[in-house]
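Everything below concerns the one structure shown next.
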Number of protein chains: 2
Amino acid sequence: MCQHRRMSNAKALPLLQPAVEPCCPPLTERPLTGEEAERAAAMFKALGDPVRLRLFSAVASHENGEACVCDISDVGVSQPTVSHHLKKLKEAGLLSSERRGTWVFYRVEPAVLATMGAVLTKAAAS
Amino acid sequence: MCQHRRMSNAKALPLLQPAVEPCCPPLTERPLTGEEAERAAAMFKALGDPVRLRLFSAVASHENGEACVCDISDVGVSQPTVSHHLKKLKEAGLLSSERRGTWVFYRVEPAVLATMGAVLTKAAAS
DNA sequence: TGTCAACATAGACGTTCGTCGATAAATGAG
DNA sequence: CTCATTTATCGACGAACGTCTATGTTGACA
């Protein structure tokens with residue numbers, strides 16, 4: 001079974017700022033170039049699948065912004081599919097992972113998330 | 001050619017508030033349900049293609065948040081492909097369109113954009 | 001009416017995607 | 001070492017996607 005909660009808070013992650021450079025300017029500032037659009041679209045695309053969005057939300061809403069895979073796997077697809085989607089989110093830079101014993105914990109990258117939000121909200125506020 | 005600028009500011013659009021209900025709570029509030037994820041992912045998916053993101057940014061950064069198709073078609077794909085992507089953005093609720101004589105103008109839906117931004121930034125601020 | 005320009009639609013084609021079952025890899029327990 | 005548990009990888013399959021060319025539709029104007 002899945003009984004890791006005893007160690008879930010045992011070690012806080014270092015959380016060193018990953019120096020995220022913004023993918024692109026706000027969408028209303030000027031038309032995006034091809035390369036800017038390529039980078040930004042990859043992030044939006046990662047959230048553009050219902051299963052991935054549920055997984056991401058499950059991690060983000062979990063305590064300390066991190067969760068064991070076994071805590072969030074109940075989204076109606078098989079275990080390999082869950083693993084596949086978590087890999088995609090990681091490749092997009094939205095999640096990072098760390099192994100702790102038997103379990104693997106996924107954690108949100110807050111800076112990247114803030115960047116994506118600013119790209120949209122600054123656009124809406126114009 | 002494309003010489004609509006004379007009438008571009010001639011008539012301001014009504015801009016009646018479309019009463020947008022939020023697609024879902026912030027991603028950190030709680031794990032999204034299946035239906036919430038379905039709705040929200042459809043919006044992110046619409047921005048998950050580089051060409052569509054460039055088109056959307058071109059409209060959003062244009063004066064008054066609206067643009068004629070002929071003003072934004074220079075993204076390296078054919079005219080039918082541009083039309084196809086604009087239709088997708090419209091179906092996702094991110095753009096609306098209106099014909100004015102020969103030209104068709106696309107306009108951003110600011111409320112929807114603000115909602116998407118809040119879903120992300122509130123998540124980042126947690 | 002006929003013609004031109006702007007934009008949309010239809011159909012086809014190759015690629016990418018999401019999903020699965022089977023299997024491998026890593027770790028801890030005994 | 002052996003076994004059970006957790007997660008990742010592999011390979012396959014059908015569906016969805018992005019793109020194109022060809023054609024249709026709409027409105028302006030002579």
Side-chain angles (χ1 to χ4, degrees), chain A residues 1-8 10 34 37-38 41-42 44-56 58-59 66-92 95-107, chain B residues 1-8 10-11 34 37-38 41-56 58-59 66-92 95-107:
Chain A
M1 285 305 170
C2 184
Q3 268 164 327
H4 65 281
R5 296 201 168 275
R6 280 161 287 153
M7 65 180 296
S8 190
E38 209 88 35
F44 287 119
K45 188 176 185 177
L47 297 182
D49 178 82
V51 174
R52 272 199 301 270
L53 196 54
R54 286 188 78 181
L55 288 171
F56 186 85
V59 173
E66 70 176 21
C68 167
V69 177
C70 59
D71 285 326
I72 58 176
S73 297
D74 200 19
V75 287
V77 294
S78 68
Q79 176 267 321
T81 300
V82 169
S83 194
H84 166 74
H85 283 307
L86 289 173
K87 185 179 183 180
K88 286 292 188 70
L89 287 167
K90 203 172 145 185
E91 289 171 349
L95 293 179
S96 59
S97 69
E98 181 190 1
R99 176 155 218 141
R100 295 185 207 159
T102 305
W103 303 286
V104 176
F105 286 75
Y106 281 78
R107 143 175 294 277
Chain B
M1 285 303 171
C2 183
Q3 268 164 326
H4 64 281
R5 295 201 168 278
R6 279 162 288 155
M7 65 180 298
S8 188
K11 184 176 72 173
E38 209 88 36
M43 296 183 175
F44 287 119
K45 188 176 186 179
L47 297 182
D49 177 83
V51 173
R52 271 198 301 269
L53 195 55
R54 287 188 77 181
L55 288 171
F56 185 85
V59 173
E66 70 176 21
C68 168
V69 176
C70 60
D71 284 327
I72 59 176
S73 297
D74 201 18
V75 288
V77 295
S78 68
Q79 176 267 320
T81 301
V82 169
S83 194
H84 167 73
H85 284 307
L86 288 173
K87 186 179 183 181
K88 286 293 189 72
L89 287 166
K90 203 171 144 184
E91 289 171 348
L95 292 180
S96 59
S97 69
E98 181 189 1
R99 176 157 217 140
R100 296 188 206 156
T102 305
W103 304 286
V104 175
F105 286 75
Y106 281 80
R107 142 175 296 276

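Chain letters run A, B, ... following the sequence lines, proteins first, then strands; residues in each count from 1. Keep in mind that the numbers below use all heavy atoms, side chains included, and drop hydrogens, waters and symmetry copies.
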Find the distance [X]:[atom1] to [N]:[atom2] and express it as a whole number of Å.
X        : N      : atom1 : atom2 : value
B:Phe44  : D:dC17 : CZ    : P     : 18 Å
B:Leu89  : D:dC17 : CG    : P     : 13 Å
A:Trp103 : C:dT27 : CH2   : C1'   : 10 Å

Polar pairs (N or O, both sides) under 3.5 Å between protein and nucleotides 16-23 of chain C?
| unit_1 | atom_1 | unit_2 | atom_2 | d |
| --- | --- | --- | --- | --- |
| C:dC17 | OP1 | A:Lys45 | NZ | 2.9 |
| C:dG18 | OP1 | A:Arg52 | NH1 | 3.4 |
| C:dG18 | OP1 | A:Arg52 | NH2 | 2.9 |
| C:dG18 | OP2 | A:Arg52 | NH1 | 3.2 |
| C:dG18 | OP2 | A:Lys88 | NZ | 3.4 |
| C:dT19 | OP2 | A:His85 | NE2 | 2.4 |
| C:dC20 | OP2 | A:Ser78 | N | 2.8 |
| C:dC20 | OP2 | A:Ser78 | OG | 2.9 |
| C:dC20 | OP2 | A:Thr81 | OG1 | 2.8 |

Sub-3.5 Å pairs of nitrogen or oxygen atoms, protein against nucleotides 2-4 of chain D:
none

Q. A:Arg99 side chain to A:Gly101 main-chain N or O, any donor-acceptor pair under 3.5 Å?
A. yes
Between [X] and [Y], what is the shortest heavy-atom contact and its length?
X        : Y       : value
A:Asp49  : A:His85 : OD2-CE1, 3.7 Å
A:Leu53  : B:Ala41 : CD2-N, 3.6 Å
B:Ala46  : B:Ala92 : CB-CB, 3.6 Å
A:Arg52  : A:Lys45 : NH2-O, 3.3 Å
A:Tyr106 : A:Val59 : O-CG1, 3.4 Å
A:Lys90  : A:Ser96 : CG-CA, 4.4 Å

Practice item. Tell me whether the OP1 or OP2 atom of C:dA6 has a side-chain N or O from B:Tyr106 closer than 4.0 Å. Key: no
Would you tell me if any nitrogen or oxygen in the side chain of A:Lys87 comes within less than 4.0 Å of OP1 or OP2 on D:dT9? yes
Verdict with reasoning, B:Ile72 to B:Leu86, per side-chain contact (heavy atoms from CB on, under 4.5 Å): CA-CA 11 Å; B:Ile72 59 176; B:Leu86 288 173; 4.3 Å; yes
Letter by letter from the 5' end, nucleotides 24-30 of chain D scores (B base, S sugar-phosphate only, - none; protein heavy atoms under 4.0 Å) --BSS--
